[in-house]
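Encoded as structure tokens, the structure appears first; notes follow it.
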Amino acid sequence: MTVTKWRLYIMELQGKTALITGANRGIGEATVKALFDKGVSKVYLAVRDTESTTHLHAKYADKVETLQVDVTDKASVQKLAQKATDTHIVVNNAGVMKHESPLSENAEDALRSEFEVNVFGLLHVAQAFESTLVANKGAIVQLNSIASVKTFGDISTYCASKAATYSLTQGLREKLSEKGVAVISIHPGPIGTDMGKNAGFDDAPGPEVVANAIAEALESEDFHTFPDDVAKQIGDAYASFADNIILGDMSL
């Protein structure tokens with residue numbers, strides 16, 4: 001068995017165009033600012049409700065453009081990609097979290113809902129933007145969470161969906177790296193977004209911690225990013241396996 005390492009393509013963010021799903025609040029909104037701070041020239045705000053981004057238009061004017069999308073609808077995502085062919089960076093941030101244990105009578109419904117948005121949403125976005133990102137030598141960033149490597153009983157269905165997205169992200173890295181596209185996997189811990197506060201994370205770090213880590217990851221060679229203190233603890237424990245197995249090109 002041999003193990004070799006893949007390397008990311010370091011990206012210069014100055015003057016680039018980005019597209020962020022779920023850009024109207026939380027980590028998505030914070031990422032808009034973080035990317036502009038790094039010199040990105042334009043950001044597409046890809047959201048379900050086009051009225052939800054008026055505050056961002058007031059702040060950034062013609063540097064942002066709102067586009068409607070439902071990531072659970074493949075045709076909707078394909079239409080989005082056709083409108084944003086100048087995109088260099090796709091941040092797949094849109095996601096949902098249900099609070100269900102595997103023993104809950106609602107677990108099956110929760111799992112279906114989370115897979116529709118979190119897992120199939122990632123597939124739709126990656127497939128629709130493949131040709132654009134290859135042509136523009138771009139990058140795709142996936143919000144995965146520490147829940148992709150550690151399951152917590154009361155949000156087991158969410159964890160299962162994030163484990164699936166992390167698995168897909170690894171596959172995307174292998175296939176898109178061959179075509180000159182960087183793939184980055186972000187693994188936050190509890191974050192003080194609306195989603196996080198609904199889960200009881202009132203004192204968690206703000207979304208800017210994750211957003212700044214995304215911007216920095218785009219300029220580095222790191223596939224994995226564990227941005228906050230809780231995430232870093234898991235990332236440190238996971239590092240050896242990640243470096244030698246996840247990031248290895250293993251042939252038998």
Side-chain angles (χ1 to χ4, degrees), residues 5-14 16-23 26-28 30-40 43-44 46 71 87-95 118-119 121-130 132-134 136-149 162-189 191 207-228 231-232 234-236 238-239 241-243 245-249:
K5 298 290 183 64
W6 291 90
R7 297 175 68 83
L8 281 182
Y9 299 82
I10 300 174
M11 175 172 284
E12 171 58 55
L13 298 184
Q14 189 73 34
K16 295 296 192 296
T17 296
L19 181 144
I20 303 171
T21 65
I27 292 172
T31 303
V32 175
K33 179 181 185 302
L35 293 182
F36 279 139
D37 287 347
K38 288 286 189 179
V40 165
V43 176
Y44 289 111
V71 298
T87 298
H88 301 91
I89 302 159
V90 173
V91 181
N92 192 48
N93 166 70
N118 300 344
V119 182
L122 169 58
L123 274 181
H124 296 158
V125 169
Q127 291 177 354
F129 279 91
E130 177 190 0
T132 291
L133 294 179
V134 170
N136 296 338
K137 298 300 180 187
I140 182 167
V141 180
Q142 168 63 21
L143 269 292
N144 277 323
S145 162
I146 58 171
S148 62
V149 296
K162 285 301 182 179
T165 63
Y166 179 38
S167 182
L168 288 172
T169 308
Q170 293 171 52
L172 289 170
R173 181 176 189 268
E174 178 180 331
K175 303 308 293 184
L176 289 175
S177 292
E178 299 170 350
K179 301 181 179 185
V181 177
V183 179
I184 295 168
S185 186
I186 307 293
H187 299 260
I191 300 296
E208 67 279 356
V209 173
V210 182
N212 292 335
I214 289 170
E216 291 169 7
L218 285 163
E219 295 181 324
S220 74
E221 295 185 353
D222 295 328
F223 171 60
H224 293 108
T225 294
F226 293 83
D228 55 280
K232 283 182 171 64
I234 291 179
D236 289 345
Y238 187 60
F241 180 81
D243 286 346
I245 304 300
I246 301 299
L247 300 184
D249 177 21

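A 4.5 Å side-chain heavy-atom check between I214 and N93 finds every atom pair outside the cut-off. Residues V71 and H124 fail the side-chain proximity criterion, which asks for heavy atoms closer than 4.5 Å. In this structure, Q142 and L122 have side chains that are in contact, with non-hydrogen atoms separated by less than 4.5 Å. The shortest distance between side-chain heavy atoms of L218 and I89 falls below 4.5 Å. Using a 4.5 Å heavy-atom cutoff, the side chains of H224 and Y238 are in contact. Residues T225 and V141 form no side-chain contact, since every pair of their non-hydrogen atoms from C-beta on lies 4.5 Å or further apart. Between L133 and I140 there is a side-chain heavy-atom pair separated by less than 4.5 Å. For the pair V183/T169, a side-chain contact is recorded, criterion being any heavy-atom separation below 4.5 Å from C-beta on.
Minimum interatomic distance between I191 and P188 (heavy atoms only, all atoms of both residues): CG1-CB, 3.9 Å. Contact between G189 and I146 at its shortest, heavy atoms only, is CA-CD1, 3.7 Å. When all heavy atoms of T87 and A18 are compared, the pair lying nearest together is CG2-C, 4.4 Å. A pairwise comparison of heavy atoms in G22 and A94 identifies N-CB, 4.1 Å as the closest pair. The two residues H187 and S148 come nearest to each other via the heavy atoms ND1-OG, 3.0 Å. The two residues A34 and A215 come nearest to each other via the heavy atoms O-CB, 4.1 Å.
Summarising the geometry, atom NZ belonging to K38 is positioned 11.0 Å from atom CD belonging to Q14; distances are rounded to the nearest 0.5 Å. In this structure, CE in M11 is found 9.0 Å from CG in N136, a value given to the nearest 0.5 Å. The CG atom of D222 sits 9.5 Å away from atom CD1 of I186, with the distance rounded to the nearest 0.5 Å.
Between the side chain of S177 and the main chain of R173, a donor-acceptor pair closer than 3.5 Å is present. Judged by distance alone, with hydrogens and angles left aside, the side-chain atoms of K137 form no donor-acceptor pair with the main-chain N or O of V181 at under 3.5 Å.
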field: Residues L143, V91; criterion side-chain contact (heavy atoms from CB on, under 4.5 Å); working and verdict
entry: CA-CA 8 Å; L143 269 292; V91 181; 4.1 Å; yes
Verdict with supporting geometry, I246 and Y166, side-chain contact (heavy atoms from CB on, under 4.5 Å): CA-CA 11 Å; I246 301 299; Y166 179 38; 3.6 Å; yes
message: Set out, in order, the CA-CA distance, both residues' side-chain angles and the distance that settles side-chain contact (heavy atoms from CB on, under 4.5 Å) for I20 and L35, then state yes or no.
response: CA-CA 10 Å; I20 303 171; L35 293 182; 4.2 Å; yes
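Shown are N144, N118, N92; of these, the side chain to side chain donor-acceptor pair (under 3.5 Å) with T165 is made only by N144.
K175 has no carboxylate O lying under 4.0 Å from a charged side-chain N of E130, or vice versa, which leaves the two without a salt bridge. Remark: K33 engages D37 in a salt bridge, criterion side-chain N to carboxylate O under 4.0 Å.
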